[in-house]
Amino acid sequence: MKDQEGTREAELIAARRANLAALRSMGADPYVLTRFDVNAKASELQRRFADLPAGESLPERFALAGRVMLLRGQGNIAFADLWDESGKIQLFLKADVVGKEPLKAFQHHVDRGDLLGAQGRIARTKHGELSLLVERYDVLGKALAPLPDKWHGLVDVERRYRQRYLDLAVNPEVRQVFLMRSRIIAELRRFLDARDFVEVETPVLINIAGGATARPFQTHHNALDLDLNLRIATELYLKRLVVGGIERVYEIGRIFRNEGIDTKHNPEFTMMELYAAYWSYEEMAQFTEELYAHLVALVTDGKSTLPFGDRVLDFQRPFARVKYFDALQEHGGYARADLLDAERALHIAQSLGLPKPPSHAHALDKIFEAVVEPHLVDPTFVMDIPVLLSPLAKRRADDPLLTERFELFIANMEACNAFSELNDPDDQRGRFEEQARDRDAGDAEAPPPDWDFITALEVGMPPTAGIGIGIDRLVMYLTNQQSIRDVILFPLARPIVER
RNA sequence: GCGCCCUUAGCUCAGUCGGUAGAGCACCGGCCUUUUAAGCCGUGGGUCCUGGGUUCGAGUCCCAGAGGGCGCACCA
C-alpha cells in the first residue's frame, strides 16, 4: 500500500509526524523517556475531591498519566481530557502556571491521542470541573495515527474487533467489560480456592480429542511426525487426575471446536471444568447456585437480579428445577416412551418441521431445543438427562435409561453442564464402543475411543461430580453483552488480504 | 453452506428519478485567559469495497467477487 499524494489520511499522519519532530527539536522526544512516576489515578482524585468547591485549589501535588482524548483551546489557556485506566480528569494549562513556551508547545504539538504525563495541583474550575492545574507535562508517547471521531467513537463493528486496541482506547465502556471479565475470573478462582479446589493445566495438543462431541482442529508435530488435535474439552484428563488422588480439581482454559461462528459461538473459547470427588450431581447443583449467586452479587453490588438484553434474570436461590422428560411433556405434550423410541422420536422431529436428524440422540436434542429451550429464561436446572445423550455420565440407579446429569439454562442458552461422573470402566467402554460405531457410520463429531481413559477408570475413580461452565457465556450474562465477540478480546476473523 | 442487509473523506453519516460527490467533526492557517462533543473566521481533503456489464452518462441499475452484520443451518 502506498500513500498517494493528497490523500487525507496521509496528511493527518504527516501533521502528527511534524509535531513529533518539533517535540524532538525541543529536546522532548517522547520515545526517549523510559519511565514516569504516577502517584494518582483520575477516578481516585474525582472521588477524593468530590466536595472541593468551584474556584478553589489545593496545595497538594499529583502526577498522573494517560491518553489525551479531548483538546479545547482558549488562547493563552488550554483544556484537555486525560483518560487513564480508571477514568478521566481535565487538564487545565495556564501560561502563568505551566509557562508560556510549554503552553505554546502543548497547543501546537500535542495531538489528540498522545500519551501524556502531567504534574500539578488539584483545582476545581469556575464551571465546576475538577482539574489538574498543570505545572509540568511530558509527552510519553506520540499518536501518529489519527483517532476515531471524538463524539461517536469507533462504531464500525469490523474495525472494533480487528483493531481492538482502538476500540479499547476510545470506548471506555468496552474497556469496562473486559476489566469486569478479568475480575469475574479472578473472583471465580478465589471462590474455588476457598473451597480447596486445585487449579491444574492439562494438554492442549492431544492425540485423541475426546470429552465432547465436536470436530477438532488438526495440527502436526514435526519432530515426532505426529498428527495431533487441539482439545475440545478437558474432561478426560481432569478425571485422570481424580483417579490419581487430586480430589478437587479444576482448569480454566481455552478449548477449540472447529465449528461455525455466531453470537453464541467462537471457535476458541474459555471453559472452566471442575471435579469434586465424593460429590454427586446434587451437591454440584447446590454448588452451582452458590457460585452464580455469588458472581451476580459481585457485579450488581449485592443484588440477585441481572439485566440481560430486554429482560431481567432472577438468580434468587433455589433455581427452578425441571426433569428432562417432564419439561418435554409440559411444553410439548410428548411422552417419554415416544421420545425414547428412535423411530417415533424421528417422527416427532419431522412433525416439528426440523430437518431430518442423523440419529436418535440428535433428534432428542433438536426436539428439546425447539420445544423447551424457548421457555427457559430465569436460571433453570434441567435434570436427569437420558443416557443416550450423556456418554460420560453415571446412570440413575433407579432408572438406568437416565443419568444423574443436569444442564443449567439461562436466557434460553445453555450455561453449564454437570453430572455424576461415570466411574464404571465396563459401562464406559461400552459407550465408547457405541461412539466408535457412530464414527464409523460417518458421524465426524463422535470422538474416537480413549482407551487409556478406560485403563484409568480400571485403576479406580471415586464417585465424583463434574461441571463445565463456558466462561465467555458467563461473562456475557454478568456484563449484559448479547454477542460472545463482545467478551472475547480478539474474536476470530478472516485475515485481510492485501491486494 | 443458504437468505437478507451493509461497504461513500481520517471518523460518524447524507446522497432524491441514472445527469460531473455533500455535511458535521477532525486536520491545517488566523484570532481568543474558564472550556465541557461545542469560541469565531478561513483553506484544503474522495480508488463512492473490487472487477465486469447496461447506458450518451453509473455512488445510484445488472452480474461476479471480497469483507462484515443479522437470521437460518451447523454446533451439547
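When reading the values below, keep in mind they use all heavy atoms of this one structure, side chains included, and skip hydrogens, waters and symmetry mates. What you see is a predicted model, and the numbers here were worked out from it, not measured in a lab.
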Next on the checklist: Assess the residue pair A/Phe381 and A/Tyr281 against the criterion (ring pair (Phe, Tyr, Trp, His ring centres under 6.0 Å)); give the C-alpha distance rounded to whole Å, side-chain angles, the decisive distance to 0.1 Å, and a yes or no.
Outcome noted: CA-CA 11 Å; A/Phe381 289 117; A/Tyr281 79 144; 9.5 Å; no
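Across all strands shown, nothing is found opposite B/rC17 as a Watson-Crick or G-U wobble partner with both distances under 3.5 Å. For B/rA66, the paired base is B/rU7 (Watson-Crick or G-U wobble, both distances below 3.5 Å). Across all strands shown, B/rC40 forms a Watson-Crick or G-U wobble pair with B/rG30, both key distances being under 3.5 Å. Base-pair partner of B/rG71: B/rC2 (Watson-Crick or G-U wobble, both distances under 3.5 Å).
For A/His152 and B/rC11, a side-chain-to-base donor-acceptor distance below 3.5 Å is absent, hydrogens and geometry of angles not being considered.
Listed by first then second residue, pairs satisfying side chain to side chain donor-acceptor pair (under 3.5 Å) with a partner in residues 165-174 of chain A read A/Arg160-A/Asp167, A/Gln163-A/Tyr165, A/Arg164-A/Asp167, A/Asp167-A/Asn171, not counting sequence neighbours.
When the side-chain nitrogen and oxygen atoms of A/Arg257 are compared with OP1 and OP2 of B/rC75, none of them lie within a distance under 4.0 Å. Taking only side-chain nitrogens and oxygens, A/Lys366 never comes nearer than 4.0 Å to OP1 or OP2 of B/rA73. Using a 4.0 Å cut-off, some side-chain N or O of A/Arg494 falls inside it from OP1 or OP2 of B/rG68. Listed pair A/Arg485 / B/rG69 meets the phosphate criterion, a side-chain N or O lying under 4.0 Å from OP1 or OP2. Put simply, A/Arg112 has no side-chain N or O that comes within less than 4.0 Å of OP1 or OP2 on B/rC25.
Taking atom C1' on both nucleotides, B/rA9 is separated from B/rC13 by 11 Å, rounded to a whole Å. Using C1' as the reference atom, B/rU12 and B/rG29 are 25 Å apart when rounded to the nearest Å. Rounded to whole Å, the P atom of B/rG68 lies 15 Å from the corresponding atom of B/rU8. Taking the C1' atoms as reference points, B/rG18 lies 23 Å from B/rA23, given to the whole Å. Here the separation of B/rU54 from B/rU60, taken at their P atoms, is 15 Å to the nearest Å. Between the C1' atoms of B/rC32 and B/rG67, the separation comes to 46 Å (whole Å). B/rG65 and B/rG3: their P atoms are spaced 11 Å apart (whole Å). Only the P atoms considered, B/rG52 is 25 Å distant from B/rU16, to the nearest whole Å.
Residue A/Thr263 has its side chain nearest to B/rG71 when only B/rC74, B/rG69, B/rG71 are considered. Comparing B/rC75, B/rC11, B/rG67 against the side chain of A/Arg159 picks out B/rC11 as the nearest.
Backbone-only engagement by A/Asp156 is indicated by non-hydrogen atom pairs under 4.0 Å involving sugar-phosphate atoms exclusively.
Between A/Phe106 and A/Tyr137, the angle of the ring planes goes over 60°, which puts this pair in the perpendicular group of the 30/60° scheme.
Considering OG1 of A/Thr380 and CZ of A/Arg321, their distance stands at 11.5 Å, rounded to 0.5 Å.
In this structure, A/Lys88 does not pair ionically with A/Glu129, as no charged nitrogen and carboxylate oxygen lie closer than 4.0 Å.
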